[in-house]
Amino acid sequence: MNTKPKMLWVIPIAVGFIMACAATNTESSQRKEDVKEKTVFQTSGQWKPVTDVRSDVAIVYGTDDRKDMTFEQRVQSWRDRGYTTHYMTGIAWGNYQDYFTGQWDGKWHLDEGQVTQKGDTLWHGRMVPYLVPSDNFIKYMKEKHIKRVIDAGIDAIYLEEPEFWARAGYSEAFKREWKKYYGFDWRPQHESPENTYLANKLKYHLYYRALDECFTFAKEYGKSKGMDVRCYVPTHSLVNYSQWQIVSPEASLASLPCVDGYIAQVWTGTSREPNFYNGVEKERVFETAFLEYGSMESMTAPTGRKMFFLTDPIEDWPRDWVDYKKNYQATFTAQLLYPNNADFEVMPWPDRIYEGLYRTSADSDHRERIPRHYSTQMQVMINTLNQMPLSGNKVTGSEGISVLMSNSLMFQRFPVHKGYDDPQLANFYGQALPFLKRGVPVKTLHIENVGYPETWKDTKVLVMTYSNMKPLEPAAHNHIAEWVKREAYWFIADVITIRSRPYRNGGIQAVTHTKPPHNICLNYWE
């Protein structure tokens, strides 16, 4: 195995690479409507010159009216400037104070927030709790928001971040949903591994149901008005949600008829989360972003759903412009290493990017707006994405190696039970990073998709462990076994602890399979 990190060489030449691609015409196989909606950005504000990003689509966020402008007027301000307009709002939180305080149906609903074992409600903002999505809340979303959006002539709806915190699950609202779903009384998740699994499976189901019902309604209501409404889920990657201890439906949504695609919410804030490699915990922004985009790409590739890759020139946490630029380039480069994707959310929240005040360097308290050299480079990169073609090209390096992952990665992260600890998602990174660090463009393969033949395309080596995840359906075992008998070159299982040594033998054990060579044992070294 080549020990040189070839993939890291691309970061310094990212800008030159994309500028060269700008001269390339998009492939004729792309549909006309896809070209029109190739690049998007999201904004809660109206059009103004400083935030005129020049992408194809402006995603208008939230239906709330402002003091001097209604939702419909906000939408029209972008249309008047030639933009296609879409709509986005949160499904787990949002400016739904009229629901929480009883203005909508005469009843207070702050008791529907997500609650921890200590009795604390988890808040996204003032009077904005993270929700246990009840039937009543789903009804509110349909009648108060989705209908209004479609009535405004918008035919693409994004319900973002279906998030249920793993440490939550103690509210009365959750206990009611538990009894309805399982048929027996609620059990505290901290008392046993089984209870933890049951609690997180329910959290997963609640947002699967919420999105299914909201999107199905949107499509049916749109059809009644002669519109073909498309529905998307902007969501963090399975890698990030697992690391941040959040439960979300993720890959299972890709098989819902009412889901047309995703936005892969990958940016500095998610990709800088530290992970372990060779016993060292640190930020690895490029590598983590590569794996995050890969996990999102593998969710939709077998089902043909549309995928927008997101990058953010800054991040939610206040830092400095030098930090933002460095890590933006790392995540931007990572997304370009998936040439079979050519749709992008070029930025969220342009108001904070172009008008926000941030430190000029890590050791300075002086704050200023985005430096001209950074904004110019950023806009060149964004303009290039408007012309970025789909490509049959592949990243160089040994191909055909995939790491198995499942939505249940999110189920065992919290609370920790004896024998179930997986610090910083170390089981996953322990399988993927040794390949990536040596220039191998390792892929991820979702166990929820193993029933689709397209899932197995180009996979020759499957690396897997059930230490940190469990199949949600017994049929998954059968599909994996069928692939092993039919196609597998290597089937690598049962990852054990890799110790920090100059030379390591037996980091991964392999099982016998039907094609030679048999009984493989991989060696890792630095």
Side-chain angles (χ1 to χ4, degrees), residues 90-93 114 130-131 133 158-166 168 197 199-215 231-267 270-271 273 288-289 291-310 338 341 345 402-414 422 425 427-429 432 443-452 455 464 466 468-473 476:
I91 187 64
W93 47 265
Q114 297 177 23
Y130 281 91
L131 277 155
Y158 302 72
L159 297 181
E160 75 160 335
E161 299 184 346
E163 299 173 344
F164 210 122
W165 288 89
Y197 191 87
N200 289 326
K201 185 177 180 180
L202 174 57
K203 297 168 190 176
Y204 176 94
H205 162 76
L206 290 174
Y207 276 110
Y208 181 93
R209 179 189 69 180
L211 289 167
D212 187 13
E213 293 191 18
C214 286
F215 284 157
C231 300
Y232 301 94
V233 183
T235 176
H236 297 207
S237 69
L238 175 57
V239 175
N240 177 256
Y241 275 153
S242 299
Q243 204 163 0
W244 281 6
Q245 301 179 357
I246 296 173
V247 179
S248 185
E250 290 288 308
S252 293
L253 298 172
S255 59
L256 275 176
C258 59
V259 174
D260 295 283
Y262 294 84
I263 293 176
Q265 294 180 319
V266 180
W267 76 99
T270 62
S271 300
E273 184 69 19
T288 305
L291 294 172
E292 286 197 76
Y293 287 120
S295 73
M296 296 296 292
E297 185 262 351
S298 71
M299 287 198 324
T300 55
T303 58
R305 300 300 200 272
K306 185 164 181 165
M307 175 68 73
F308 296 94
F309 278 178
L310 166 73
Y338 291 91
N341 185 79
E345 181 176 356
S402 298
V403 173
L404 189 71
M405 64 193 320
S406 168
N407 285 342
S408 61
L409 278 169
M410 300 175 285
F411 291 11
Q412 293 182 201
R413 296 287 291 131
F414 184 91
D422 184 22
L425 205 63
N427 279 291
F428 170 76
Y429 285 114
K443 292 183 175 291
T444 51
L445 190 152
H446 279 73
I447 200 168
E448 286 78 13
N449 289 337
V450 293
Y452 296 102
T455 299
M464 61 176 288
Y466 283 168
N468 59 348
M469 64 183 186
K470 305 295 179 288
L472 297 179
E473 300 290 342

Look only at the side chain of [X] and the backbone of [Y], and say whether a donor-acceptor pair between them is shorter than 3.5 Å.
X      : Y      : value
Thr455 : Asn449 : yes
Glu345 : Ile263 : no
Lys203 : Ala166 : yes
Asn200 : Gln412 : no
Tyr204 : Ser408 : no
Asn468 : Leu409 : no
Gln114 : Leu131 : yes
Arg305 : Thr300 : no

Just wondering, do [Y] and [X] contact through their side chains at under 4.5 Å, heavy atoms?
X      : Y      : answer
Met469 : Asn427 : no
Phe215 : Ile91  : no
Val259 : Leu211 : no
Val266 : Ser271 : yes
Met299 : Thr444 : no
Phe164 : Leu202 : no

Next on the checklist: I'd like to know if the side chain of Thr270 pairs up with that of Gln265 as donor and acceptor (distance under 3.5 Å, no hydrogens or angles considered).
Outcome noted: no

Atom pair [atom1]/[atom2] of [X] and [Y] - distance to nearest 0.5 Å:
X      : Y      : atom1 : atom2 : value
Trp244 : Glu163 : CH2   : CD    : 8.5 Å
Lys470 : Lys201 : NZ    : NZ    : 14.0 Å
Ser248 : Leu238 : OG    : CG    : 9.0 Å
Tyr197 : Leu472 : OH    : CG    : 4.5 Å
Leu253 : Tyr208 : CG    : OH    : 7.0 Å
Glu161 : Thr235 : CD    : OG1   : 7.5 Å

Next on the checklist: Between Lys443 and Ser298, does the side-chain contact (heavy atoms from CB on, under 4.5 Å) criterion hold? Intermediate values first, please.
Outcome noted: CA-CA 8 Å; Lys443 292 183 175 291; Ser298 71; over 6 Å; no

[X] to [Y] - nearest heavy-atom pair and separation:
X      : Y      : answer
Pro234 : Tyr158 : CG-CB, 3.7 Å
Tyr262 : Ala251 : OH-O, 4.0 Å
Ser237 : Glu250 : C-OE1, 3.6 Å
Leu425 : Gln243 : CD2-N, 4.4 Å
Asp212 : Cys258 : OD1-SG, 3.4 Å
Ser242 : Arg413 : O-NE, 2.6 Å

Checklist entry - When you look at His236 and Trp267, which way does the side-chain contact (heavy atoms from CB on, under 4.5 Å) test go after all the steps? => result CA-CA 9 Å; His236 297 207; Trp267 76 99; 3.5 Å; yes

Item to check | Aromatic ring pairing Tyr293/Phe309, orientation class (parallel under 30°, perpendicular over 60°, tilted between) | outcome: tilted

Checklist entry - Which is it for Tyr207 and Leu159 under the side-chain contact (heavy atoms from CB on, under 4.5 Å) test, yes or no, and what are the steps along the way? => result CA-CA 11 Å; Tyr207 276 110; Leu159 297 181; over 6 Å; no

Next on the checklist: Working note: Thr288 + Glu273, criterion side-chain contact (heavy atoms from CB on, under 4.5 Å); need CA distance, chi angles, decisive distance, verdict.
Outcome noted: CA-CA 8 Å; Thr288 305; Glu273 184 69 19; 5.8 Å; no

